[in-house]
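Structure first, then comments.
Residue numbers begin at 1 in each chain, while the letters A, B, ... track the order of the sequences.
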Protein chains: 2
Amino acid sequence: MKIDPQSPADLSAQIAQAIRDAIVSGRLIVDERLPSESELADQFQVSRSTVREALKRLAAQSLIRTQRGASGGAFVNRLSFPDAYSQQITTSTLLLSMNAVSFDTACEARYALERACAPLAAQRRTPDQLATMRAEIFRQAQPGLTDEAFCASDVAFHRALVDGAGNPVLSYQLAGAVEAMQPLMNMITFTERSREAIIALHSKIADALDAYDADTVDAALVELETYTRQLARDVAAKRRQAG
Amino acid sequence: MKIDPQSPADLSAQIAQAIRDAIVSGRLIVDERLPSESELADQFQVSRSTVREALKRLAAQSLIRTQRGASGGAFVNRLSFPDAYSQQITTSTLLLSMNAVSFDTACEARYALERACAPLAAQRRTPDQLATMRAEIFRQAQPGLTDEAFCASDVAFHRALVDGAGNPVLSYQLAGAVEAMQPLMNMITFTERSREAIIALHSKIADALDAYDADTVDAALVELETYTRQLARDVAAKRRQAG
DNA sequence: GCGTTTTTATTTGTCTGACATTTAAAAGTC
DNA sequence: GACTTTTAAATGTCAGACAAATAAAAACGC
């Protein structure tokens, strides 16, 4: 692992990249201990502060974890699925909020991906996942539910659907798409009428999954997508009229 | 923005989280300048080093960028699609390499997602994307091509397919799935015979996209998935026999 | 000899103060 | 007025110190 002191980039960024490369390429393996901060400072010929800044960069990406005390240090972290989920969600949320992505585009992407899970879920869904979906549908029908709670339940329902595919890689990929849409969806599901329609489609999906009926699940998801995008258009039109 | 000095977690992690929350919630907007490191140190009642470690964490997630000199400082970064792509790819690659995900599971996820793009791509693919795919097919047929180059071309072909859907959110989501599979695919496409079969299916896909024929694209992708998974099983069996 | 307690060494976490470097704006010069 | 020089502000880096956590080693009591 070498760095170039002449390079314009920050030393801490270079050091972080050198260690990152070592991890990605497998020269450093999971749970292996990195040299101590002082040793790294010696190796790279920089101060301990610079090494620390590099290590914090890696920690922010969940590539390493640190432990204090004797026989402590920095260890290569096993990137767990939950860690990857939350990074995926943060990134996706920021990407949508900062780049003027239209609701239509985001919605299309989300349902396209979700429909990809549907046939697998129709084969493999467990009774447990089905029960989760039913419970969320029941919650969504409660009269006093706030918009935020309704949307959170909506997310939980769709995550159960995705998890039904029984493929952790798919679940990980979909986490961002489903969760990042929530803030956008919050704006459009506030009337009694739209909730009713959404709940009806959720029930249709759950029934079809219950019956291992992939085609009906797909049809219901298409309906849900169409309905959601229509709702968003109506809301936008109403805004234009009012404002 | 407040932090709790009694908390067990690192101060720099807490400060990073506080600023991250401010960005995600919109209290800090794109291109806004954060207070200088000294001012932040005063606000949070910590030293400048601790503030710097927090800022490096945020920089590692592309949430801020820094600039030296007068009127420099840390600025909230617009998370661009390319930035998000590369983070997605790094995370996905590490997730697969560190978690003993079976080839079958990863392959299933990848093709499920890719098939989700196919109908859209069959409607919207541009001549330019089609030309890219043809060029990659031509390259794949060159006799002297190394395995690595073949796989890189394979990735480029599939990215063009995904981009054909004309939905940047989909392209972003798929980047991880397609690219992270490359190291795994590298191991199984080394015979002349398997290359030939793959190229034939690529041609079938390109032809079908040319004809706006979504069903044939889907069928070819299913064939490609079946063939790829079969190849992987054969390779695994041969390894068992040999080893 | 064994279990408990104390000490010690190591390592990360934090602080302080200093200097180098970069950069834009202000001041000065012709 | 255009150009050059100076200055101030900000990040980047360094060195050295102490605090806090932690595991291993040493000491102790029985």
Item to check | Test side chain to side chain contact (heavy atoms under 4.5 Å, CB included) applied to A:Ile19 and A:Leu55, A:Val76, A:Val24, the passing residue | outcome: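 Of all the options given, the one that passes is A:Leu55.
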Answer yes when [X] and [Y] have at least one side-chain N-carboxylate O distance shorter than 4.0 Å, and no when they do not.
{"X": "B:Arg124", "Y": "A:Glu108", "result": "yes"}
{"X": "B:Arg65", "Y": "B:Asp31", "result": "yes"}
{"X": "A:Lys56", "Y": "A:Glu53", "result": "no"}
{"X": "B:Arg110", "Y": "B:Glu225", "result": "no"}

Checklist entry - Does any residue of residues 69-76 of chain A have a heavy atom under 4.0 Å from DNA chain D, and if so, which ones, in number order? => result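 Of all residues in residues 69-76 of chain A, the ones placing a heavy atom under 4.0 Å from DNA chain D are A:Gly69, A:Ala70, A:Ser71.
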Item to check | Of residues 49-65 of chain A, the positions that come close to DNA chain D - non-hydrogen atoms, cut-off under 4.0 Å | outcome: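 Result for residues 49-65 of chain A: A:Ser49, A:Thr50, sorted by number.
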Next on the checklist: Could you go through A:Ser47 and A:Thr50, starting from their C-alpha distance and side-chain angles, then the distance that decides it, and tell me whether this counts as side-chain hydrogen bond (donor to acceptor under 3.5 Å, both in side chains)?
Outcome noted: CA-CA 5 Å; A:Ser47 71; A:Thr50 304; 3.3 Å; yes
Checklist entry - Between A:Ser47 and B:Leu34, who's closer to the 5' end of DNA chain D by nearest nucleotide? => result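 Residue closer to the 5' terminus by nearest nucleotide: B:Leu34.
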Item to check | Residue pair B:Gln88, A:Gln87: steps toward the side-chain hydrogen bond (donor to acceptor under 3.5 Å, both in side chains) verdict | outcome: CA-CA 9 Å; B:Gln88 168 85 14; A:Gln87 280 188 231; over 6 Å; no
Checklist entry - Can you pull the contact range of chain A along DNA chain D, 5' to 3', using atoms under 4.0 angstrom from its heavy atoms? => result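 Listing 5' to 3', DNA chain D meets chain A from D:dG12 to D:dA23.
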Item to check | Qualifying residues under side-chain hydrogen bond (donor to acceptor under 3.5 Å, both in side chains), relative to B:Asp21, sequence neighbours excluded | outcome: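 Applying side-chain hydrogen bond (donor to acceptor under 3.5 Å, both in side chains) to B:Asp21 gives B:Gln17.
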Item to check | Audit row: B:Arg48, B:Ser38, side-chain hydrogen bond (donor to acceptor under 3.5 Å, both in side chains) steps and yes/no | outcome: CA-CA 6 Å; B:Arg48 206 186 130 209; B:Ser38 312; 4.9 Å; no
Checklist entry - Please walk me through it: do B:Ser102 and B:Thr105 pass side-chain hydrogen bond (donor to acceptor under 3.5 Å, both in side chains)? => result CA-CA 5 Å; B:Ser102 74; B:Thr105 302; 2.7 Å; yes
Checklist entry - Mind checking whether A:Phe157 and A:His202 have parallel, tilted or perpendicular rings, split at 30° and 60°? => result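 Judged by the thresholds at 30° and 60°, the geometry between A:Phe157 and A:His202 is parallel.
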Item to check | Leading and trailing nucleotides of DNA chain C with any atom under 4.0 Å from heavy atoms of chain B | outcome: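 For DNA chain C, the relevant span reads C:dG13 to C:dA24.
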Next on the checklist: Please enumerate all residues that pass side-chain contact (heavy atoms from CB on, under 4.5 Å) together with B:Ser86, with sequence neighbours excluded.
Outcome noted: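 side-chain contact (heavy atoms from CB on, under 4.5 Å) check on B:Ser86 returns nothing, list empty.
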